[in-house]
Amino acid sequence: MNQSHKMATAEPETGENPSQPSDENSEEISQELGSPESYMKHPLQNRWSLWFFKNDKSKTWQANLRLISKFDTVEDFWALYNHIQLSSNLISGCDYSLFKDGIEPMWEDARNKRGGRWLITLSKQQRRVDLDRFWLETLLCLIGEAFDDYSDDVCGAVVNIRTKGDKIAVWTTDFENRDAITHIGRVYKERLGLPPKLTIGYQSHTDTATKSGSTTKNKYVV
């Protein structure tokens, strides 16, 4: 048998080189490698910090507040959210706070001290049915910049787990900015799916800090 005949019989009958992928396969591979969606994270407009507060009476308020993590992509938000306890599983006296990076979740912070909050007060029964859903929707409103041109006015949000009834609040930077505050309140109420008849109130931090009774006067309602 001559050399040329040996070579001819060694080749596959189909005439294709098995080491080369078919056109169809190579197209699929290049699509997968070439699609940035498959490996790029989706950036958020702001970087956010998630804080946790545990009410330990032996420590100062500030010592009880701890930064859990910072994130600035959609994927990192979900990785964090799916890794931590749901609000409804926290013990009474605990808080979660999500604030823009650089703003601390306290009235004294420069970005907060002239501000206030839209406050949602939940009944004891709502912890089981509404709390986690409301808090997640609040987080999505924040990181998704849901308040249009007024999203810059938002500083962060806090959920307080309390025996008497849990609270969720969206904090804004300036209680005199009526247009921003009322727009944020309306959008927020709609996103939570609250009935139109139910009103929610906005209170300034100054009024909350200096209140004499058990309730703070609302500056705005929607």
Side-chain angles (χ1 to χ4, degrees), residues 44-46 48-55 65 68-69 71 74 76-100 103 105-107 112 115-148 150-173 175 180-205 208 214-216 218-222:
L44 299 169
Q45 202 165 310
N46 281 289
W48 296 88
S49 301
L50 183 71
W51 302 76
F52 177 68
F53 178 87
K54 186 177 182 181
N55 194 17
L65 182 69
I68 299 176
S69 187
F71 60 87
V74 175
D76 290 343
F77 163 72
W78 285 114
L80 175 60
Y81 181 80
N82 292 325
H83 181 70
I84 59 173
Q85 285 280 3
L86 289 170
S87 303
S88 59
N89 291 335
L90 297 178
I91 59 170
S92 191
C94 291
D95 304 340
Y96 277 137
S97 302
L98 183 77
F99 276 73
K100 286 174 180 165
I103 306 177
M106 54 185 74
W107 295 337
N112 294 328
R117 60 182 183 165
W118 279 111
L119 184 63
I120 310 287
T121 306
L122 289 82
S123 66
K124 288 181 183 179
Q125 294 74 30
Q126 282 180 286
R127 181 178 296 179
R128 208 179 67 253
V129 290
D130 291 326
L131 177 66
D132 294 327
R133 182 169 59 86
F134 281 4
W135 177 237
L136 177 57
E137 193 58 49
T138 304
L139 298 176
L140 295 176
C141 281
L142 264 58
I143 68 170
E145 312 291 332
F147 306 111
D148 311 306
Y150 298 115
S151 289
D152 283 351
D153 270 65
V154 172
C155 298
V158 183
V159 58
N160 309 121
I161 307 306
R162 301 293 183 266
T163 312
K164 288 181 184 174
D166 307 320
K167 294 175 182 176
I168 298 176
V170 172
W171 289 28
T172 75
T173 192
F175 69 75
I181 291 166
T182 50
H183 180 83
I184 290 164
R186 285 195 199 101
V187 171
Y188 185 46
K189 184 177 168 178
E190 198 178 297
R191 284 285 295 261
L192 291 185
L194 300 177
K197 284 181 186 170
L198 180 75
T199 59
I200 59 170
Y202 180 94
Q203 303 148 3
S204 75
H205 296 319
T208 307
S214 59
T215 54
T216 307
N218 289 327
K219 283 204 174 293
Y220 309 99
V221 292
V222 293

Is there a donor-acceptor pair under 3.5 Å between the side chain of [X] and the backbone N or O of [Y]?
X    : Y    : value
Q126 : S123 : yes
R127 : R162 : yes
Y96  : S87  : no
K100 : V154 : yes
D166 : L122 : no

For the [atom1] atom of [X] and the [atom2] atom of [Y], what is their distance to the nearest 0.5 Å?
X    : Y    : atom1 : atom2 : value
T199 : N218 : OG1   : CG    : 7.5 Å
N46  : F71  : CG    : CZ    : 10.5 Å
L50  : L98  : CG    : CG    : 6.0 Å
L86  : L136 : CG    : CG    : 9.0 Å
Q85  : C94  : CD    : SG    : 10.0 Å
Q125 : D130 : CD    : CG    : 10.5 Å

Grab the two heavy atoms, one from [X] and one from [Y], that are nearest each other, plus how far apart they are.
X    : Y    : result
K124 : T163 : CE-O, 3.2 Å
I181 : W118 : O-NE1, 2.9 Å
C141 : F147 : CB-CZ, 3.8 Å
I168 : W135 : CD1-N, 3.7 Å
I143 : L44  : O-CD2, 3.7 Å
K189 : P196 : NZ-O, 3.0 Å

TODO: Run the numbers on Y202 and T182 for side-chain contact (heavy atoms from CB on, under 4.5 Å), then give the verdict.
DONE: CA-CA 9 Å; Y202 180 94; T182 50; over 6 Å; no
Open item on the list: Is a donor from one side chain sitting under 3.5 angstrom from an acceptor on the other, for N112 and H205?
Closed with: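 Distance-only check fails for N112 and H205.
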Open item on the list: Whether the T138 and Y188 side chains hold a donor-acceptor pair (N or O, under 3.5 Å, no angle test) is what I'd like checked.
Closed with: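 Present: a donor and an acceptor within the cut-off.
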Task: pair W171-I103: side-chain heavy atoms closer than 4.5 Å - done: no
TODO: Could you check I200 against V222 for side-chain contact (heavy atoms from CB on, under 4.5 Å), going step by step and ending with a plain yes or no?
DONE: CA-CA 6 Å; I200 59 170; V222 293; 3.5 Å; yes
- [ ] Check step by step if side-chain contact (heavy atoms from CB on, under 4.5 Å) holds for F99 and V158.
- [x] CA-CA 9 Å; F99 276 73; V158 183; 3.7 Å; yes
Task: Pair F134-L194, side-chain contact (heavy atoms from CB on, under 4.5 Å): steps then yes or no - done: CA-CA 10 Å; F134 281 4; L194 300 177; 3.7 Å; yes
